Amino acid sequence: MGAALHNVAIANLRAGALDDAMDAIEEAIKIRSRSLGRSHPRVADSLVELGIILLSMDEHEDALKVFERALKLRREELNDVLADEDSEECKLKIGKVLNNIGCVNFEKGC
């Protein structure tokens, strides 16, 4: 259910239905957090989408907070797989979150 709502949020975001996207992603985060744990990588995936939605709504401060939380989870994920071949993928995900943070700061005029 969490994955389905995550995907619904993405579809609504792309369609420009930001309020519907927000509702779906918030519910996806709740479900994923309860079923997988608050620090699971899938929760980080949904947090990134929430940050993108907030950025699209010009909610810059909230978007930054969400991206920072997602970045923390991404870094924890990297620490967990550091000796594994998945570390490059984790580094890429960290880079994407950092890029999102940069986009927020650009939009803010920083």
Side-chain angles (χ1 to χ4, degrees):
M1 183 58 98
L5 284 166
H6 177 95
N7 292 333
V8 166
I10 293 171
N12 283 319
L13 173 63
R14 290 183 179 164
L18 298 179
D19 290 332
D20 292 337
M22 178 71 78
D23 292 342
I25 204 64
E26 286 177 337
E27 191 62 28
I29 291 168
K30 287 179 193 173
I31 291 170
R32 285 180 160 184
S33 293
R34 277 188 245 134
S35 63
L36 302 171
R38 293 180 52 117
S39 61
H40 193 278
R42 294 290 179 215
V43 175
D45 293 343
S46 292
L47 287 171
V48 169
E49 292 304 323
L50 174 58
I52 292 168
I53 293 165
L54 289 165
L55 175 58
S56 298
M57 299 173 95
D58 294 325
E59 298 289 338
H60 300 130
E61 293 304 320
D62 290 338
L64 279 176
K65 290 176 188 174
V66 170
F67 285 137
E68 287 169 4
R69 182 173 164 211
L71 182 60
K72 180 179 183 253
L73 294 181
R74 292 290 190 220
R75 287 181 170 152
E76 289 173 5
E77 180 183 6
L78 178 61
N79 289 337
D80 291 343
V81 299
L82 198 51
D84 191 42
E85 65 268 0
D86 292 334
S87 67
E88 290 305 312
E89 183 179 341
C90 291
K91 290 175 186 176
L92 179 62
K93 289 178 181 180
I94 288 169
K96 289 179 178 182
V97 176
L98 290 169
N99 180 68
N100 290 336
I101 290 170
C103 290
V104 173
N105 285 318
F106 176 81
E107 290 294 322
K108 284 177 54 178
C110 293

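The residues of the chain are indexed from 1 along the displayed sequence. Bear in mind the structure is a predicted one, so any value in this text is a computation, not a measurement.
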Val66 and its side chain to side chain contact (heavy atoms under 4.5 Å, CB included) partner, picked from Ile52, Leu55, Ile25, Leu50: Leu50
In one Ile/Leu/Val/Met/Phe/Trp/Tyr side-chain cluster, 4.5 Å: Leu36, Leu47: no
With sequence neighbours excluded, residues passing side chain to side chain donor-acceptor pair (under 3.5 Å) with Asn100: none
Point-to-point distance, once rounded to the nearest 0.5 Å, from SG of Cys103 to CG of Leu64: 11.0 Å
Ion pair check, Glu76 and Lys72, cut-off under 4.0 Å: yes
Any pair counted as salt bridge (Lys or Arg N to Asp or Glu O under 4.0 Å), so long as it reaches residues 48-59, sequence neighbours left out: none
Partner residues of Lys108 under the side chain to side chain donor-acceptor pair (under 3.5 Å) criterion, sequence neighbours left out: Glu61
hydrophobic_cluster_shared for Leu54 and Leu73, side chain cutoff 4.5 Å: yes
Atom of Ala63, atom of Gly51 and distance for their closest heavy-atom approach: CB-O, 3.7 Å
Arg74: salt bridge (Lys or Arg N to Asp or Glu O under 4.0 Å) partners, not counting sequence neighbours: Asp45, Glu77
Between CG on residue Asn99 and CG on residue Leu92, distance to nearest 0.5 Å: 10.5 Å
Sidechain N-carboxylate O distance under 4.0 Å for Glu89, Lys93: yes
Inter- and intrachain pairs under salt bridge (Lys or Arg N to Asp or Glu O under 4.0 Å), touching residues 95-105, at least two apart: none
For Ile31 against Gly2, the heavy-atom pair lying closest together: CG2-N, 3.7 Å
Lys91 side chain near Leu78 side chain, heavy-atom distance below 4.5 Å: yes
Taking every non-hydrogen atom, the tightest pair across Phe67 and Val48: CE2-O, 3.5 Å
Ignoring hydrogens and angles, write down the donor-acceptor pairs under 3.5 Å from the side chains of residues 5-23, residues two or more places apart or on other chains.
from: His6; atom 1: ND1; to: Ser46; atom 2: OG; distance (Å): 2.9
from: Asn7; atom 1: ND2; to: Ala3; atom 2: O; distance (Å): 3.3
from: Asn12; atom 1: ND2; to: Val8; atom 2: O; distance (Å): 3.3

